[in-house]
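Basis for what follows: all heavy atoms, side chains included, without hydrogens, waters or symmetry-related copies. Note on naming: letters A, B, ... go to the chains in the order of the sequence lines (proteins, then strands), and numbering restarts at 1 for each one.
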Amino acid sequence: MAALQTREAIWEDTWIPTACDMCYNACTVRVHRVNGVAVKVEGIPEAPPNYGKVCAKGNAALMNLYNPQRITTPLVRTNRAKGIGINPGWKKLSWNDALELLTHKLTAARAKDPRSLVAATFDRYAHFALRAFLTAFGSPNLTTVSAGFFCGNGVHPVAYTLTGSNDVHPDLKLCNYLLMFGTSYGFVAQMNAMGLTQEMAEARQRGMKLVVVDPVCSYAASQATEWIPIRPGTDAALALALMDVLVNESGLYDAAFLKQYTNSTYLVGPDGHYIRDPKDQKPLVWDSRQSRASTFDAIDPTDGALEGTFQLEGMEAKPAFHLFKEHLRSYSPEKAATITTIPPQTIRRVAKEFGQAASIGATIRLEEINLPFRPAAACWYRGISAHKHGMMNGMSVGQLNVITGNIDVPGGMLNATAAGPFWGPREGADGLLVSGNPFTYRHMRTPVPPRKVRRPETLELVELFPVSVYARAMLPLGILGAERFGLPYRPEVLIHCRTNMMATSGNPEIMGEALKQIPFVASFADHHDETTEFADLLLPDTHALERLMPITHNPYYHYNNATLPGEPWSFNFQQPVVKPRGQARNWIEVILELAERLGLLSDLYTAFNEIAHLEDPYRLDPTRKYSWEEICDRWARSYCGARNGLGHFLKHGFHTGEKRSVEQSYPRVFHRGRIPLYLEHFIGAGEEVKKFTESERIPWDTSDYVPLMHWRPCPAHGESPPEFDLFVVNQKLPFLTFSFTSENPWLMELAEHNGKVFSVGINTETARRKGINEGDLIELETPGWRKARAIARLTQGLHPECLAVPGILGRWVTANDRMRGKGVHFNSLIEYTFDRLDTLSAALDACVKVKISVVHRTEEEGGSHA
Amino acid sequence: MPRWGMVIDISRCVGCYACTVACKVENGTPPGVWYAPVYEKEVGSYPTAKRLFLPTLCYHCKNPPCMKACPTRAISKREDGVVLVDPNKCCGSRACVAACPYGALTFVEEIKGEFGAELTPWEQARYPQNDGVGTVQKCTFCAHRIDQGNLEPACVQTCPTRCRIFGDLEDPGSEVSKLIREHNGTQARPEAGTDPSVFYLR
């Protein structure tokens, strides 16, 4: 049964290049179409970013495309009642009637207040067009909701602070020692999943040591040189203790780097602020050579003092690094051991391994340029962010890279998009590094310098988060608490596509209540899910394999498409492989039609030119009207040159440009913007937030706006009665991501084969202590009376204080009847209340503690398998 | 004449199932039929536990016990080493399924749709009507691909860590031969006397 066997003659046998859409990495693929049916997905060997490799999800895409329960006609809700499990009473209507209805609602909303429109999507390739629509409409409310609760909150602001880019990644080609915290980076997860999985395999083969810090023996930990189990939510303590060893015990830190590229030499007064030159307000440093204070930019950086106590006009002044160094002493390995459960000798050993591998002082010659060589890096992601003190967690880990001088130099932690063909990091106020990427603000805000705190205008209340990049987790709380936060309008219309907010944000009840506050919800979707259940209007969206979408892989803007050192800047396209199912339409083409109906098309074009950074002669003329194909063609040519327009992409699917130069890959020595190791600007930002929230009588915790990072416990660490003694940790699966993958019968069959996906993992010794056997049905209960049931699966690969729940499962609306309810819905266990949010990064704390009890013993002797 | 074989590097497999799905889509197998499953095993004890991932497929043995066991001679071995089941000759005895020490063969009782009774367009294109039911199937080393001259098996092509390498075991200079020599490639259950054409590296 190997070869394609058909009864009919083959009249068509062709391969169409396009971009995969089963996660967010936009791998370049080609799809085999025979007689009008898509039969196989493969990579294209020469095409970045995946160079011919396709993961399980990408291979399985066809079973989402051909889901028989695709939404094929516009539908309108007839049941006024909305809620989880409430049948919307869908009634078919024509596209024209649907768009008339939506146009009517949008017109009314705009007349009330243009800001009352909110658009939520994780279809990132649609962002530019959608933001142009919102700009023309007059609304600042573009959000992704789910992504941005637990994930990049503790990464993006830190990455901006360290590199001027919205993300960072380790230099896998040259790194010799990689320390990973709370991430499966390089194991079919995260950024450039396919490209980096190849790079990680090569790096490990080359001899790179991989040390994975994770409560779970994850896929990454399984292949690591060493797995370090850790109590959830304590990684900051580990990072700070590692730095204590490096700085105070071993002297393994890059003093030269700190002097030249950070604010370590800036003098700090008793109030914690910089001491500034009275004339020009520039921060002062101590010139060791001349034994006097000087502005930071008036001396040779190597002459700046890192330590010491100096008297300046009767005030005691210390260099920032001096304070940092002293601060670290309160995080000894012994102290960190009690917090993390990691033995102090392990902490010391890893610190020294990391510090020695960093090879401080070493250089490397690349393309005739001598650069610092620091082949040790510490990377981190979701596991660090998803906590009450996500910002502090991320910053602490990030600082391991700063003190060893590996930022943006060969071997170390590198910027994703800070330096590109026509931009680079810049020097901003106080000499601090600021982003120069012109696309930066399109979906994130920059945190350095901190933004002005003002009365909230966005539903996310991002104006109250001056050092975050977004505040998506606040959206439901902002909607529900609009009165309290003094929001000058209420949401009227939600346009939603490709983000399953009900299942993938915080607790579903809260999200549901927020959605019910919005009078009109228009969902574009190709399948029903937990969120479309709340829609008033449901419009059939094309599947990714049915639509034209330009510039999907976009390394200028999407940090996860970061071009690796020495690799070419590349772009790809999505194009229709098969005809749209039923009456499905590409939702962005519909958005453009809505703009026209609303009389906003001209303004949309004007906005789009800026947002997409189109250059002449490809900018859209606001007096004309373009087809979607024409817009795609112009955009492609603007980025890729006159000869590489739509025609090129339809034929080849991708375009590779110049290689990422040494200066773009490793920009650190080419610019002067300094990294704030000491977060002095946090103090002022916090004071502004405090002033505003106090004046508005909004209770708001600003205690994390401090210049030196701490480990602080999550609410779960201390709150519960003692019987709530186990943390529930959500773990990643390489073959299931995003909720729609659990619609896919192939992937769900694999989940059944895997045996670990629908059960809950428990440490073998913990299970023995609690009298739980393999295969027992157990019930988890949180202090907030949230419950879940699952089969217990005993494992040695889990911290004894944890239970492991994988993926996004336990779904309650899915086309795949067999799968409904299977597995545990992790998010339903989370408390989604304001006190669980990090007021700096807007992360939602995902630390959950439960007590467990046996519901039903396994019947077989010796245990059964799920 | 090449003798086709494969090397699988366990130290590189990350348990992602890309190969497993690529194989299914390439070969159009029905629900429940997987030629290339990846198994997982936990080793060690906390805190030095880890998971090992074991990609599997038919090993196209030099001495295939399935071929010996088949009462209707439906299983044959090509000159290039590929072992194939002829569905037209297979009578569904399942003697081969019992004989194989590796569980590489699957008997197809029925072909249902992944979503229920109605087949999706993909399934309509890929499940040959009335073919396959009541017979045994297994991995073919993607013979239809390698016979084209320049294609690798689908599992090899898609693997993101390049843990599967395919090539000519008769050629001492081929990558597979070198890897087996230099890294002490071992066969699964060598005591079974099957002499598999697939070698594992640790």
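The candidate from A/Leu65, A/Leu62, A/Asn67, A/Val41 with the greatest count of non-hydrogen atom pairs under 4.5 Å with chain B is A/Asn67. Put simply, of B/Ala154, B/Cys19, B/Pro121, the one with the most heavy-atom pairs under 4.5 Å next to chain A is B/Pro121. Among A/Gln69, A/Glu199, A/Gln205, A/Met194, the residue with the largest count of heavy-atom pairs under 4.5 Å with chain B is A/Gln205. Of all the listed residues (A/Lys57, A/Met748, A/Glu202), the one sharing the greatest number of non-hydrogen pairs under 4.5 Å with chain B is A/Glu202. Chain B forms the most heavy-atom pairs under 4.5 Å with one residue out of A/Gly58, A/Pro734, A/Cys217, A/Gly195, and that residue is A/Cys217.
Looking at B/Cys159, the atoms closer than 4.5 Å to chain A (heavy atoms on both sides) all sit in the backbone: N, CA, C or O. Heavy atoms of A/Met200 lying under 4.5 Å from chain B are absent altogether. Contacts between B/Val38 and chain A at a heavy-atom distance below 4.5 Å involve the backbone alone (N, CA, C, O). Residue B/Gln157 touches chain A through both its backbone and its side chain, counting heavy-atom pairs closer than 4.5 Å. Heavy-atom distances place both the backbone and the side chain of A/Val54 under 4.5 Å from chain B. In this structure, chain B has a heavy atom under 4.5 Å from the backbone of A/Leu798, while its side chain stays farther away. Using a 4.5 Å cut-off between heavy atoms, A/Ser218 touches chain B through its backbone atoms (N, CA, C, O) alone. In this structure, the portion of B/Thr20 lying under 4.5 Å from any heavy atom of chain A is its side chain and not its backbone. Of the two parts of A/Ala38, only the backbone, made up of N, CA, C and O, holds a non-hydrogen atom closer than 4.5 Å to a non-hydrogen atom of chain B.
Contacts with chain A (heavy atom to heavy atom, under 4.5 Å) involve these residues of residues 5-18 of chain B, listed by number: B/Asp9, B/Ile10, B/Ser11, B/Arg12, B/Cys13, B/Val14, B/Gly15, B/Cys16, B/Tyr17, B/Ala18. Against chain B, the residues from residues 42-53 of chain A that qualify, each with a non-hydrogen atom under 4.5 angstrom away, are A/Glu42, A/Gly52, A/Lys53 in number order.
Annotation: the span from B/Gln124 atom CD to A/Asn35 atom CG amounts to 12.5 Å, rounded to 0.5 Å. A distance of 7.0 Å separates OH of B/Tyr46 from CG of A/Asn763, quoted to the nearest 0.5 Å. With rounding to the nearest 0.5 angstrom, the CD atom of A/Gln223 is 10.5 Å from the CZ atom of B/Arg51.
If you look at B/Phe53 and A/Tyr219, their ring centroids are closer than 6.0 Å. In this structure, A/Trp746 has its ring center no closer than 6.0 Å to that of B/Trp34.
Counting non-hydrogen atoms of other residues, nucleotides and ligands closer than 6.0 Å to CD of B/Glu109 gives a total of 12 or fewer. More than 12 non-hydrogen atoms from other residues, nucleotides or ligands lie less than 6.0 angstrom from NZ of B/Lys68. Residue A/Glu12 places its CD atom among more than 12 non-hydrogen atoms of other residues, nucleotides or ligands, all under 6.0 Å distant. Enclosure of atom CD in B/Glu79 is not indicated, since only 12 or fewer non-hydrogen atoms of other residues, nucleotides or ligands lie within 6.0 angstrom. Heavy atoms from other residues, nucleotides or ligands lying under 6.0 Å from CZ of A/Arg206 number more than 12. Heavy-atom neighbours of B/Lys77 NZ from other residues, nucleotides or ligands within 6.0 Å: above the threshold of 12.
Judged purely by atom type and a 3.5 angstrom limit, A/Glu749 uses its side chain to pair as donor or acceptor with the backbone of B/Gly32. Between the side chain of B/Arg162 and the main chain of A/Gln198, no donor-acceptor pair closer than 3.5 Å is present.
At a threshold of 4.5 Å between non-hydrogen side-chain atoms, the residues B/Tyr39 and A/His753 count as touching. No side-chain heavy atom of B/Thr48 sits less than 4.5 Å from a side-chain heavy atom of A/Trp227. Side-chain contact between B/Arg126 and A/Lys40 is absent, with no heavy-atom pair separated by less than 4.5 Å.
Considering all non-hydrogen atoms of both residues, B/Val25 and A/Val39 come closest at CG1-O, 3.3 Å.
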Given the rule in the side chain to side chain contact (heavy atoms under 4.5 Å, CB included) test, do B/Phe115 and A/Met63 qualify, once you have shown the distances and angles that lead to the verdict?
CA-CA 9 Å; B/Phe115 287 96; A/Met63 274 295 148; 3.7 Å; yes
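A salt bridge between A/Lys756 and B/Glu40 is present, with a side-chain N of the basic residue lying under 4.0 Å from a carboxylate O of the acidic one.
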